[in-house]
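A note on names: the letters A, B, ... follow the listed sequences, proteins ahead of strands, and every chain is numbered from 1. The model shown is predicted, which means the values in this text are computed figures rather than measured ones.
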2 protein chains.
Amino acid sequence: MGVFFRIMNADVRSDVSLGRRSPNAKTRVVVADRNVITRVGIRSILERNAGMAVVAEATTYEAALDAVDEHGPDVLLIDLDLGDDTTRGLKLCEEIVERFPNTKILVLAQSLSEMIVIEALRRGANGYLVKDEVKADELGKGVKAVQDGETVLGKGVGSMVARGLGSTRGAAEHLTDRELAVIKLVAKGLSNKQIAHEIFLSESTVKFHLQNASKKLNAHRRAEIVHRATAAGLL
Amino acid sequence: MGVFFRIMNADVRSDVSLGRRSPNAKTRVVVADRNVITRVGIRSILERNAGMAVVAEATTYEAALDAVDEHGPDVLLIDLDLGDDTTRGLKLCEEIVERFPNTKILVLAQSLSEMIVIEALRRGANGYLVKDEVKADELGKGVKAVQDGETVLGKGVGSMVARGLGSTRGAAEHLTDRELAVIKLVAKGLSNKQIAHEIFLSESTVKFHLQNASKKLNAHRRAEIVHRATAAGLL
DNA sequence: TAGCCACCTGTCCATATGGCTAGGTAGCGA
DNA sequence: TCGCTACCTAGCCATATGGACAGGTGGCTA
């Protein structure tokens, strides 16, 4: 099995970058990951095996943004899960795309979450690899590929995206703040009544939010809701 | 118990090593982690910054055992979560302790799960660090410390252990196979009736297992049960 | 302004769940 | 053999939950 897929993007263009830098120039990469070990590992692989240059490392969203701003790298290799809020990582993608269109984004995630994969790509990430799946040479190839304007999807990610795009709305359906809040309390084992009391709602409203969340997550029992939300990295 | 705990930010001194090996010999380490990036990172940190030798890398439980057998390292640095079954990682600890008592075990976990921390230490691991928390220099120091017979607990792990040992039974209470099986189906959103049908039990029995699991996990609603089980890395 | 959305509340009812008591089997080690 | 554990089953009953219908608000945008 061709361990990872590359999808040539017909519509997205690289004609702009054609003459932008000399073909022999080293690919310049900024790595954003909260984990030292991972950063060191990536740097080692990229620099020693792939002949690239890691020009900066970042451990927070702000630092990542600053680093891209300062170094204008070809590729930002990022673990969306910096800090405690993955949503910020997604916002960061949008911002990078908007402010630094020449920097490609390759997401290097800890785990495979359908919701996050889809969202990341929707917001402009050029690729999505999973840490535990990726092999050493794939990392360098992946970085090169996104730099060249391709979309790189790791093992298992491709089919996920296909499913996501296939469904009418995919993961475009976000859980609202309230829904998420309720789910978090459900995960703690509170009953509807307790949740209602906790966040000053009527029990009816709690059930209402839960019903809506059920439909969005396509889960019909609260245990499943919690499980899916957890798997999607929302808790 | 006569082990002295060492929290990672306190400073170290090794007054314990009794000249078992020449003081200048390089510490020999086997690294077991399914993730290439992490392996490369650890190797780089340990070899370049801490002057140690990574004599082998492993990506499976079997390979880890073989590597320890073959190389007789001073320290086995392992992510319990190789394969899909963390329990096997715990068993591996026991086996290493039994068969290769000269090899110390330092667990390098992805996440902080109380149940796993306690179990790992109970089965003979000499330390437990969390990947995202650990700093580059702490990794080398930690390896050195366990080699010297100390117990190394990363940030946040210490208090967890204290709590675990404080409670009468701690996490000594395992979920039985049946309980786990039922919980997995609960997580998929099945009702007791459906679960009963799925694994050929009566609904009563399903409820029985769930009741027992509730008590062990100290959770009173199925949503909480799956949340805890997930957090404990059991699903 | 109409339409959409997130948000909030209520009522109804069948079913699921949590918590309990009270049995049974088989295997394993002291 | 006794005691322990994992395992299996049954029944009872109060409460929680899932799913439905039927309304309401305020804010935003076409």
Side-chain angles (χ1 to χ4, degrees), chain A residues 87 115 119 122 168-230 234, chain B residues 85 87 90-91 94 115 119 122 168-230 234:
Chain A
T87 322
M115 195 160 295
E119 278 305 295
R122 230 169 49 87
T168 339
R169 23 223 341 205
E173 298 207 272
H174 292 285
L175 292 180
T176 67
D177 292 344
R178 280 311 212 185
E179 285 158 1
L180 209 48
V182 171
I183 292 176
K184 283 179 182 172
L185 293 175
V186 168
K188 289 174 68 177
L190 303 199
S191 70
N192 290 342
K193 191 174 296 185
Q194 291 172 309
I195 294 170
H197 182 260
E198 186 82 13
I199 53 179
F200 309 105
L201 293 180
S202 81
E203 196 177 333
S204 303
T205 309
V206 172
K207 292 179 67 176
F208 170 81
H209 288 309
L210 238 21
Q211 285 287 326
N212 290 332
S214 297
K215 289 169 190 160
K216 292 181 184 175
L217 292 171
N218 191 31
H220 299 279
R221 299 224 146 54
R222 47 178 54 209
E224 193 182 10
I225 294 177
V226 168
H227 192 229
R228 299 230 171 167
T230 303
L234 299 172
Chain B
D85 181 9
T87 323
L90 294 171
K91 290 200 189 95
E94 278 182 335
M115 194 161 297
E119 278 305 295
R122 229 169 50 87
T168 339
R169 25 220 347 203
E173 299 207 90
H174 291 284
L175 293 181
T176 67
D177 292 345
R178 281 311 212 183
E179 286 158 1
L180 208 48
V182 170
I183 292 176
K184 283 180 182 171
L185 294 175
V186 168
K188 288 173 68 177
L190 303 199
S191 71
N192 290 342
K193 191 175 294 184
Q194 292 172 307
I195 293 170
H197 183 260
E198 187 83 12
I199 53 180
F200 308 105
L201 294 180
S202 80
E203 195 177 336
S204 302
T205 308
V206 172
K207 291 178 67 176
F208 169 81
H209 288 308
L210 238 20
Q211 285 287 324
N212 291 331
S214 296
K215 289 169 189 161
K216 292 181 184 175
L217 292 171
N218 191 30
H220 300 279
R221 299 224 146 58
R222 45 178 56 209
E224 193 181 9
I225 294 176
V226 321
H227 191 230
R228 298 230 171 168
T230 303
L234 299 172

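A:Q211 has its CD atom 16 Å from the P atom of C:dG10, to the nearest Å. Protein atom CG of A:L210 is 16 Å distant from nucleotide atom P of C:dA6, rounded to whole Å. Separating the CZ atom of A:F208 from the C1' atom of D:dT17 is a distance of 17 Å, rounded to the nearest angstrom. Rounded to whole Å, atom P of C:dT17 lies 14 Å from atom NE2 of A:H220. Following rounding to the nearest Å, A:L180 (CG) and C:dC7 (P) show an atom-to-atom distance of 10 Å. In this entry the distance linking NE2 of A:H209 with C1' of D:dG18 reads 16 Å, nearest Å. Note: CD (B:E179) to P (D:dT5) measures 13 Å, nearest angstrom. One interatomic measurement links the two molecules: NZ of B:K207 to C1' of D:dT9, which rounds to 12 Å at whole-angstrom precision.
A salt bridge does not link A:E203 with A:K207: every distance from a Lys NZ or Arg NE/NH1/NH2 to an Asp or Glu carboxylate oxygen is 4.0 Å or more.
The minimum heavy-atom distance between A:T230 and B:H227, with the atom names listed, is OG1-CD2, 4.0 Å. In terms of heavy-atom proximity, B:I183 sits nearest to B:A229 at CG2-CB, 4.1 Å. Across every non-hydrogen atom of B:L217 and B:R228, the tightest pair is O-NH1, 3.1 Å. The two residues B:H220 and B:E224 come nearest to each other via the heavy atoms N-OE1, 3.3 Å.
Distances shown here put a side-chain N or O of B:R178 below 4.0 Å from the OP1 or OP2 atom of D:dC8. For D:dG18, the OP1/OP2 oxygens have a side-chain nitrogen or oxygen of A:R222 closer than 4.0 Å. Between C:dT15 and B:S191, no contact under 4.0 Å exists linking OP1 or OP2 to a side-chain N or O.
Of the residues in residues 192-206 of chain B, those with a non-hydrogen atom less than 4.0 angstrom from any atom of DNA chain C are B:N192, B:K193.
With rounding to the nearest 0.5 Å, the separation of CD1 in A:I195 from CD in A:E198 is 9.0 Å.
Among A:R222, A:H197, A:H209, the one residue that satisfies the side chain to side chain contact (heavy atoms under 4.5 Å, CB included) test with A:N192 is A:R222.
Nearest nucleotide to the A:R221 side chain, out of D:dA16, C:dG19, C:dA16: C:dA16.
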